[in-house]
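Residue numbers start from 1 in every chain, and the chains themselves are labelled A, B, ... in the order their sequence lines are given, proteins ahead of strands.
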2 protein chains.
Amino acid sequence: MKRRVTLKDVAKAAGFHVSTVSRALDPNNSHLITAEVAQRIRDVAEKLGYRQNAAAAALRTSRTRMVGVLVPDITNPIFPPIIRGVEDSLRRHGYLSIIGNTDGDPKRESSLVSMLQDRGVDGFIIASVELEDKAVVSLVEDGIAVVTVNRRVDNPAVSSVSNDEGEGIRRVLTHLVSLGHERIAHIAGSQRFSTGANRYRSFLEHREALRLPADPELVVFSNMYNELEGERCVEELLARGRRFTAIVCANDRLAVGAIEALVRRGLKCPDNVSVTGFNDMPMVDRLRPPLTTVRIGQYNVGYQAGELLAEMIGTGQREASHVVLPVDLVIRGSTRALTTALPEN
Amino acid sequence: MKRRVTLKDVAKAAGFHVSTVSRALDPNNSHLITAEVAQRIRDVAEKLGYRQNAAAAALRTSRTRMVGVLVPDITNPIFPPIIRGVEDSLRRHGYLSIIGNTDGDPKRESSLVSMLQDRGVDGFIIASVELEDKAVVSLVEDGIAVVTVNRRVDNPAVSSVSNDEGEGIRRVLTHLVSLGHERIAHIAGSQRFSTGANRYRSFLEHREALRLPADPELVVFSNMYNELEGERCVEELLARGRRFTAIVCANDRLAVGAIEALVRRGLKCPDNVSVTGFNDMPMVDRLRPPLTTVRIGQYNVGYQAGELLAEMIGTGQREASHVVLPVDLVIRGSTRALTTALPEN
DNA sequence: ACAGGGGGTGCAAACGTTTTCCAAGACGCT
DNA sequence: AGCGTCTTGGAAAACGTTTGCACCCCCTGT
C-alpha cells in the first residue's frame, strides 16, 4: 500500500510550484497557465498517477461533489430505475450519489438528512417525501439544493420532477369508458403521499368530466402501497355491496392484490371486473392477466432530477422549477370491454 | 445559511482547548478526560449543535467511514435486498455506503473502483464480480478491505459471503427426482460468473450422485441472466430433439423466459414440463404457474457481508474468510409429479 | 521531603487542497 | 522611454480535525 501521490509530489517532479500545479489541473483555472506548461504538468501528473485527495479538496472548498439520494425503500421496484437515472445523470456531472432508505418514516428521514449534511453533501434528491415534509422544507429554507422526485411536497418553493399523474388517470378512465364501463371504483393511495392525493383528485375530476356516476362509496383508501392493502380494499369494496365493473388502482401493487382478492371471491379479471394499475412495474406484464397500467418514465424522472439538481448546485440558483413528464397508457389483459351479455349482477 | 459550528466554537464556549474537546467527543478517547469535564463539553456541543466536519476528519485520519458497494445493476431485483442488508449493517457501524452500477462491464467496474478510491472509501463490497476479476484481486493485494457478496472471485484470498448454491441445486434435483423426473435439462448461467459455474458444477455432480442420465445435450448455456436468454435456451433445447420432462434453470429470470417459450411451443408447465428457478425473486410467486425455486437470504447475505467488512476495517485484519449461508427450496406450482393420471385434474 | 509517576490538559504540527494576494516580467501605448 | 496593464507563477494562509508531545499538578512511596 504505497503512499498516495500529492500535488506536492507532482510539483516537485514537474519543477513548478504546487499552486501552479493545482491551477493547471483544474479545468476552470487552467486558462491562467501557459498552455504548454499546463500540458507538461498534466503529463507529469498522469505519469505519477496523481489523484486528487477528495477530503482535502472538500475541506478547502466545502464542496464534496456528493449528493444524498433518499428513497423510502430501495427494495420497492419502483425506485431502482429512478435511482439509476439519478446516478447516471449525476455521475456525468462528477457527483457521487449516496443512497439512503427512509422506510417512509419521517424520523428516519430527518436523521438521514442530518447524517448526510454532516458528510457535507452538496444537495439532495428526495423521493421519500410526504405532502407535508418539514425536514425537506427546512432544507430548502436553509438554501440547500433539493429536488424531489416522483413525489412532491406541498410547497411550491421545493423543486420537483414528477409524472403527469393527472393525464395518466385521465387515460385510464377514458380507456375504461371506451370499453363501456361506467360504474368504476377507485382504490386510492394514502392521502399522505402526493401520488395518492394527486391520483385521487384526478380520478374525481375526470370522473366528473366524463359524466360517470359519482358514488363516494366506490372509493376506498389504502394505507400503504402494497398487495395486502389491495386485497383489503377489494374486500371492503365488496362488503359495501355497490355494483362496479372496473377498479382503477392507484398503484400496481394495489392492483395485484386487488386481482388476487377478486379471484378469491370468485370474480374473474377481466371477465367480471377490469382492473388497472399505475407505474408499470417489472413483471406485471407477465402476470395472469397481464396488467393494464400507466407507464411512467422512471429512469427518465430520475435522470431529469439529477440534471436539475446539478444545475442548481452549479449555478447556485435556488429558484424552484417543476418538471412534469408525460406518461403512457399500456393496455394489456386486465381490462376488457363490458359486453351486454354479462349478467347485470 | 448560518456558518457551521466547529470544534473551536465549542472549545471557546466550554472554556477548554479544542484538543480537549476533540477528545471528549470521541468515544475512543473520552476516557482520557475527566468524566465531568467530558460531560460538560458534550452538553455544550449538543447545545451549540456541533456536528463534526467529515472532510476535515477524513483529511486528518485518512479514513472516511464510507464504503463502496458495487453491483452490476441496481435495477435487477436480486440486488436491492442485498444492498439494503449491506446498508443496514454498515450504518450500524457508522459507515455510509456508496452504490455504483457496473453493468457487468469490467471497464466500468475498474473505473468505479478508482473513482471510489479517490474518494478514499475505507473498503468495498462487491457483488459485481466475475470469476477472474483482476480489479478486485489487485484491491486485495493493495491491502484494501474487500468482501465479495453473492458471487465469488476465483481466488481464496478474497473474502466472500455467498449462498450454498450446491445445496440449492441438490434440493431442486432431489425434489424433481422425488416427483419421478429423470431426464432433466439444465439451462446454465454464463460460466464467467461464479453463480453460473457453481450451479452448473453442482448440477453435474448431483445428477451423477442421483444416477440420472448424463446426457450433455441436456445442458445449454445462457449468456446472460434474463428472460430472453431463457427463451433462446429452450428453443435450442427443443431443437436438439432430446426428450426431457423438467428443466432446472440457473436463475428465476431464465425460468420465466423458459416457461414463456414452452408455452409458445404448445408445451404446458407444469403439465408437460416442470421448471425450476433460482433466487426467489419478488413476484415469481404470483406468476402462472407460481415458480418453484430456491430462496436465498438476499438481505442476510448483504447484512453478513457488511458485518464482515466492518470487522475487517475495524481490526485491520486482512485474512480472508468465506461465509456460506443456507438456502431453502420453495415448492410452488411450476413442478409436478410425472404421472400419467393427474388426480387433481 | 523529595523523586517519580501518572492522569489530565494544552500546544502545535500536520493532513492536501484551493485561492487570495503579490512580485516580476512582458507588452502595448503614447 | 516611461507608464500602465496584463499575464504568469510563487508564497502563504486558510479549511477543521486529530494526535504526539510537553507540561503541570497532585499523589504516592520510600
Practice problem: Output yes when Glu46(A) and Arg42(A) qualify as a salt bridge under the 4.0 Å nitrogen-oxygen rule, no when they do not. | Solution: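 Salt bridge between Glu46(A) and Arg42(A), a charged N being under 4.0 Å from a carboxylate O: no.
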Quiz prompt | Any Thr20(B) side-chain nitrogen or oxygen under 4.0 Å from OP1 or OP2 of dG10(C) | solution =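 The answer is yes; a side-chain N or O of Thr20(B) sits under 4.0 Å from OP1 or OP2.
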Quiz item: Phosphate oxygens OP1/OP2 of dT9(C): is one of them under 4.0 Å from a side-chain N or O of Thr34(B)?
Solution: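 The answer is yes; a side-chain N or O of Thr34(B) sits under 4.0 Å from OP1 or OP2.
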Whole-Å gap separating [atom2] ([N]) and [atom1] ([X]):
| X | N | atom1 | atom2 | value |
| --- | --- | --- | --- | --- |
| His31(B) | dG7(C) | NE2 | P | 11 Å |
| Arg51(B) | dT17(D) | CZ | C1' | 16 Å |
| Gln39(B) | dG8(C) | CD | C1' | 17 Å |
| Arg119(B) | dG16(C) | CZ | P | 18 Å |
| His17(B) | dC24(D) | NE2 | P | 15 Å |
| Leu7(B) | dC11(C) | CG | C1' | 15 Å |
| Leu32(B) | dC21(D) | CG | P | 15 Å |
| Asn53(B) | dG16(D) | CG | C1' | 6 Å |

Exercise. Report the residue (Ser22(A) or Val21(B)) whose heavy-atom-nearest nucleotide on DNA chain C is the more 5′ of the two.
Key: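 Counting from the 5' end, the first nearest nucleotide belongs to Val21(B).
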Practice problem: On DNA chain C, check which nucleotide each of Leu59(B) and Arg23(A) is closest to and give me the residue with the more 5' one. | Solution: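 With Leu59(B) and Arg23(A) compared, the 5'-side residue is Leu59(B).
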So [X], base contact, sugar-phosphate only, or nothing? Heavy-atom distance under 4.0 Å.
| X | result |
| --- | --- |
| Thr6(B) | sugar-phosphate |
| Thr61(A) | sugar-phosphate |
| Val18(B) | base |

Quiz item: Is the Lys NZ or Arg CZ of Arg84(A) less than 6.0 Å from the centre of Tyr299(A)'s six-membered ring, within 45° of the axis?
Solution: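 Judged by the rule, Arg84(A) and Tyr299(A) form no cation-pi pair.
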Picking from [options], which would you name as closest to the side chain of [X]?
| X | options | value |
| --- | --- | --- |
| Ser19(B) | dG10(D), dA12(C), dG16(D) | dA12(C) |
| Ala56(A) | dT19(D), dT17(D), dG16(C) | dG16(C) |
| Phe16(A) | dG16(C), dG16(D), dG10(D) | dG10(D) |

Practice problem: Verify whether one side chain among Thr195(A) and Tyr225(A) offers a donor that lies under 3.5 Å from an acceptor in the other. | Solution: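 Distance-only check passes for Thr195(A) and Tyr225(A).
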Quiz item: If you take all heavy atoms of Gly120(B) and Thr64(B), which pair is closest and at what distance?
Solution: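 Scanning both residues completely, I find the closest heavy atoms to be O-OG1, 2.7 Å.
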Self-check item: CD/Glu132(B): more than 12 non-hydrogen atoms of other groups inside 6.0 Å
Solution: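 Result for CD/Glu132(B): open.
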